[in-house]
Protein chains: 2
Amino acid sequence: MRILYVEDEKFLADAVIHVLEKSGISVEWTDDGEEGLNLAMKPIYDCIVLDVMLPKMSGFDILRHIREREIKTPVIMLSALSQAEDKIKGLNYGADDYLAKPFKTAELIARLQALSRRPALQDEKVIRFGDLYYNKENRTLNELDLTEKEALLLETLLQEPDRAKNKEYILNHIWGSDNYGDDNYVEVYISYLRKKLKKLNSKVQIKTIRNLGYKLVSKVE
Amino acid sequence: MRILYVEDEKFLADAVIHVLEKSGISVEWTDDGEEGLNLAMKPIYDCIVLDVMLPKMSGFDILRHIREREIKTPVIMLSALSQAEDKIKGLNYGADDYLAKPFKTAELIARLQALSRRPALQDEKVIRFGDLYYNKENRTLNELDLTEKEALLLETLLQEPDRAKNKEYILNHIWGSDNYGDDNYVEVYISYLRKKLKKLNSKVQIKTIRNLGYKLVSKVE
DNA sequence: CTGAACCTTAATAGAACCTTAAAATATAAA
DNA sequence: TTTATATTTTAAGGTTCTATTAAGGTTCAG
C-alpha cells in the first residue's frame, strides 16, 4: 500500500512514518500544503492522510480541491481533539474517515487498511507491501518467480496484512479443509518463502507468532 | 442503508422519513426514548438519529447508554438548541455528528452518507487502557510482542479493569481449574508483564492488593 | 521480629517451529 | 512415449522459544 501524508509537525511525521513503513505501507510525505495538493492529484496513492492545520493551505482546502477535481482517492483527516467541528466539516467535504490527534498509530493503520480493503482494490493485479511488488497474474515477486503454493501462501498473508494467520487457516485456504493436521506443509512453504525474501534482500519478513500464526512485517533500518 | 430515528415530533418525523425513504434509506422510527434505546442495541442499523428533547429519556441518555454498552453504531444528534455546548456534550458522549434544528433534510442525508462511508471502527480486536494498545489478533502490546500466557493474563486483567482479580481466578482462567494451588504461576507471569510494561515506559501498572489480587491502574503524573 | 504473601530470576524440558533433502508427482520438452 | 525439469509431499533431525520449576529475596501486617 502506498499513501500520501501531508503533515507539518516533523517530529510527529517521523514517528508515524516509521511505524507505517514497518507495516509495509510506503509513505510519501510533505509538510507543504501546496505540494501536497499537487501530489494528491496523482492517482498513485491508495489513501491520502491530511493534517487539518497546515501553513498556507489547510487540509480542508486540499480536500475540497481534490474532490472538486473528481479525485476519488480515500482521504483521512487528522485534527486536534478540540476542533470537534472539523470532523463534521471534513466528512461533509468528502473525507472518508477522521482521526483526532493525538492518535495511536495502530489506529491509523487499522483505518488505512479498512479503507484500502474496499472492493476495488481486492482484485488488483499487483499488490505492494513494503519493498515488495507481487504480481498475481504471473506470480512474480519482484524479479523472482513463485511456485503455485508459494504464491497462494503469499496472497494469504497479503490479504489483511495486519492480521496474523494461523496454520489451520492457511492449510484450509491452500490445501483444502480435508487436509487437516499437517502443519508441516505450512512450515515448509513458510520456509521456502522466507528463502525467496532473503534472496530478494527485501526488508519484508515473515514473523512467527508462536501458537498463533504468521504475519508479514517490514523492517525499518 | 438502514437507520433508526428517535423523534417525538410526529409531524417533523413524517416529513423526514418521507424524504429519506425516497433516497433509498430505510427508516425505523419511534417516538419513545426507552423503545429507542432497546432498538439501538440491535446491531442492524447503519446509523442512529437521535432527537435530544424526548419525553422520559433524552437523546443524550440514550447515547450515553449505548456507548456504555460498547455499541459503536454511528449516531447523529438533533437538537433545537443550537448552542455550542450541546454540540460539545453530544460529541463528548460519543456522537459522531450533530445537526441543529431546523435542518434541511438534504443535509441530514449528506451526513448519513458521510458516516456510512466511514469504515466501522475495529472493535474487540484492539483494547485500550491508559496509554496501552493491546492487539488481541497478533498479541502485541504497543510495540512489544507478548507470549501466549502473558497475553491471556493481560486479557484477564483487561476485562472489567477496575475489578481486582485474585490468583485463584486467574489460575482457573488461564491454567485451568485442576491446577489449583500453584500461585507462583501467576506471580511469575505478573512479574513478566510488569517487566514489559516498564520496558514500554507505560503509565499503566499492575497493582497488588494483598490477599485479594491484582488490578491495572494508570498513573496520572 | 516473624511468618506469610509476594516478587524476581535463572535453569530446564519439551513443544512448536525450522530446515533440508529425498521421494513422489506433475508438467513440459523431445 | 520417453525424458527432463519443476514442484509438491514426506520425513527426519535440528533449533528456538516458552512454560514451568525452584530457589532465594523482598515486603508487609501483626
Side-chain angles (χ1 to χ4, degrees), chain A residues 138-141 143-157 164-200 204-217, chain B residues 136 138-141 144-157 164-200 204-217:
Chain A
N138 41 23
R139 293 201 316 229
T140 54
L141 182 62
E143 68 267 24
L144 285 184
D145 295 335
L146 299 186
T147 72
E148 187 184 9
K149 292 284 193 292
E150 287 168 346
L152 288 170
L153 175 57
L154 183 63
E155 284 170 27
T156 308
L157 296 175
K165 309 291 189 309
N166 67 27
K167 288 184 198 166
E168 202 194 335
Y169 175 88
I170 296 172
L171 207 54
N172 283 343
H173 218 248
I174 300 181
W175 281 270
S177 52
D178 50 338
N179 219 324
Y180 90 110
D182 208 341
D183 292 347
N184 192 230
Y185 287 173
V186 179
E187 288 161 8
V188 167
Y189 273 88
I190 287 284
S191 175
Y192 289 164
L193 248 191
R194 281 189 172 135
K195 203 180 274 178
K196 295 213 168 165
L197 289 176
K198 199 178 213 171
K199 202 178 213 164
L200 285 171
V204 176
Q205 300 186 337
I206 300 172
K207 181 176 172 182
T208 304
I209 303 161
R210 245 170 191 245
N211 278 314
L212 211 163
Y214 301 93
K215 69 174 285 195
L216 293 174
V217 292
Chain B
K136 195 172 173 172
N138 39 28
R139 289 198 323 223
T140 53
L141 182 62
L144 285 185
D145 297 332
L146 299 187
T147 72
E148 189 177 24
K149 290 285 193 293
E150 286 168 347
L152 288 170
L153 175 57
L154 182 63
E155 284 169 27
T156 308
L157 296 175
K165 309 289 190 310
N166 66 28
K167 288 185 197 166
E168 203 193 336
Y169 176 86
I170 296 172
L171 208 53
N172 282 342
H173 217 249
I174 300 181
W175 281 269
S177 51
D178 49 339
N179 218 324
Y180 90 110
D182 207 342
D183 292 348
N184 191 229
Y185 287 172
V186 180
E187 288 160 9
V188 167
Y189 272 89
I190 288 285
S191 174
Y192 288 166
L193 249 191
R194 282 188 172 137
K195 202 181 275 179
K196 295 214 167 164
L197 289 176
K198 199 179 213 170
K199 203 178 210 166
L200 284 172
V204 176
Q205 301 185 337
I206 300 172
K207 185 177 176 184
T208 304
I209 304 160
R210 238 168 196 247
N211 285 312
L212 211 165
Y214 301 93
K215 68 176 286 193
L216 292 173
V217 291

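Below, chain A is the first sequence line, B the second, and so on; all start at residue 1. Computed from a predicted model, the values in this text were never measured in an experiment. Note that these values count all heavy atoms, side chains included, but never hydrogens, waters or copies made by symmetry.
The side chain of V188(B) lies closest to dT21(D), out of dT21(D), dC7(C), dA16(C). Set against dT10(D), dT8(C), dT21(D), the side chain of D182(A) has dT10(D) as its closest nucleotide.
Under the 4.5 Å side-chain criterion, counting only non-hydrogen atoms from C-beta, V204(B) is not in contact with V217(B). Counting heavy atoms from C-beta on, the side chains of I170(B) and Y189(B) never come closer than 4.5 Å. The closest side-chain heavy-atom distance from E148(A) to R139(A) is below 4.5 Å. Counting heavy atoms from C-beta on, the side chains of I174(A) and Y185(A) never come closer than 4.5 Å. Within the 4.5 Å cutoff, side-chain heavy atoms of T208(B) are placed close to those of R194(B). Put simply, the side chain of K207(A) does not reach to within 4.5 Å of the side chain of N138(B), judged on heavy atoms. Here the side chains of I206(A) and L216(A) are in contact, with some heavy-atom distance below 4.5 Å. Two residues are said to be in side-chain contact when any heavy atoms from C-beta on lie closer than 4.5 Å; L171(B) and E168(B) fail this criterion.
Not one side-chain nitrogen or oxygen of Y185(A) sits closer than 4.0 Å to the OP1 or OP2 atom of dT8(D). Between Y189(A) and dT20(C), a side-chain N or O to OP1/OP2 separation shorter than 4.0 Å is absent. Dashed line: the shortest gap from a side-chain N or O of K167(A) to OP1 or OP2 of dC17(C) is under 4.0 Å. Not one side-chain nitrogen or oxygen of K195(A) sits closer than 4.0 Å to the OP1 or OP2 atom of dC18(C). In this model, the phosphate group of dA16(C) is not approached by any side-chain N or O of T208(A) to a distance below 4.0 Å at OP1 or OP2. One finds no side-chain N or O of W175(B) lying less than 4.0 angstrom from the OP1 or OP2 phosphate oxygen of dA19(D).
By the 30° and 60° cut-offs, the orientation of the rings of Y169(A) relative to H173(A) is parallel.
Within the 4.0 angstrom heavy-atom criterion, base atoms lie near Y192(A).
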Task: Derivation of the side-chain contact (heavy atoms from CB on, under 4.5 Å) call for L153(B) and Y192(B) - done: CA-CA 10 Å; L153(B) 175 57; Y192(B) 288 166; over 6 Å; no
Open item on the list: Using the rule given for side-chain contact (heavy atoms from CB on, under 4.5 Å), can you reason through L197(B) versus L141(B), listing the C-alpha separation, both sets of side-chain angles and the distance that settles it, and then say yes or no?
Closed with: CA-CA 9 Å; L197(B) 289 176; L141(B) 182 62; 4.0 Å; yes
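Rounded to whole angstrom, the span from the CG atom of N211(B) across to the P atom of dG3(C) amounts to 17 Å. The CG atom of D145(B) sits 18 Å away from the P atom of dT16(D) (whole-angstrom rounding). Taking atom NZ of residue K196(A) and atom P of nucleotide dT7(D), one finds them 7 Å apart after rounding to whole Å. Remark: P of dT16(D) and CD1 of I190(A) are 18 Å apart, rounded to the nearest angstrom. In this structure, the CD atom of E187(A) is 14 Å from the C1' atom of dC17(D), given to the nearest Å. Counting to the nearest Å, the P atom of dC6(C) and the CG atom of L171(B) are 13 Å from each other. The distance from atom CZ of R139(B) to atom C1' of dC17(D) is 11 Å, rounded to the nearest whole Å. Atom pair I170(B):CD1 and dA19(D):P shows a separation of 15 Å (rounding to whole Å applied).
Once rounded to the nearest 0.5 Å, the distance linking NZ of K149(A) with CH2 of W175(A) reads 6.5 Å.
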Set out, line by line, the N/O atom pairs under 3.5 Å between protein and nucleotides 23-30 of chain D.
from    : atom 1 : to      : atom 2 : distance (Å)
dT27(D) : O2     : R210(B) : NH2    : 2.9

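Remark on the helix from dC1(C)-dG30(D) to dA30(C)-dT1(D): inter-end axis angle 30°, axes from five-pair C1' superpositions, rounded to 10°.
Residues from residues 147-154 of chain B with heavy atoms under 4.0 angstrom of DNA chain C: there are none.
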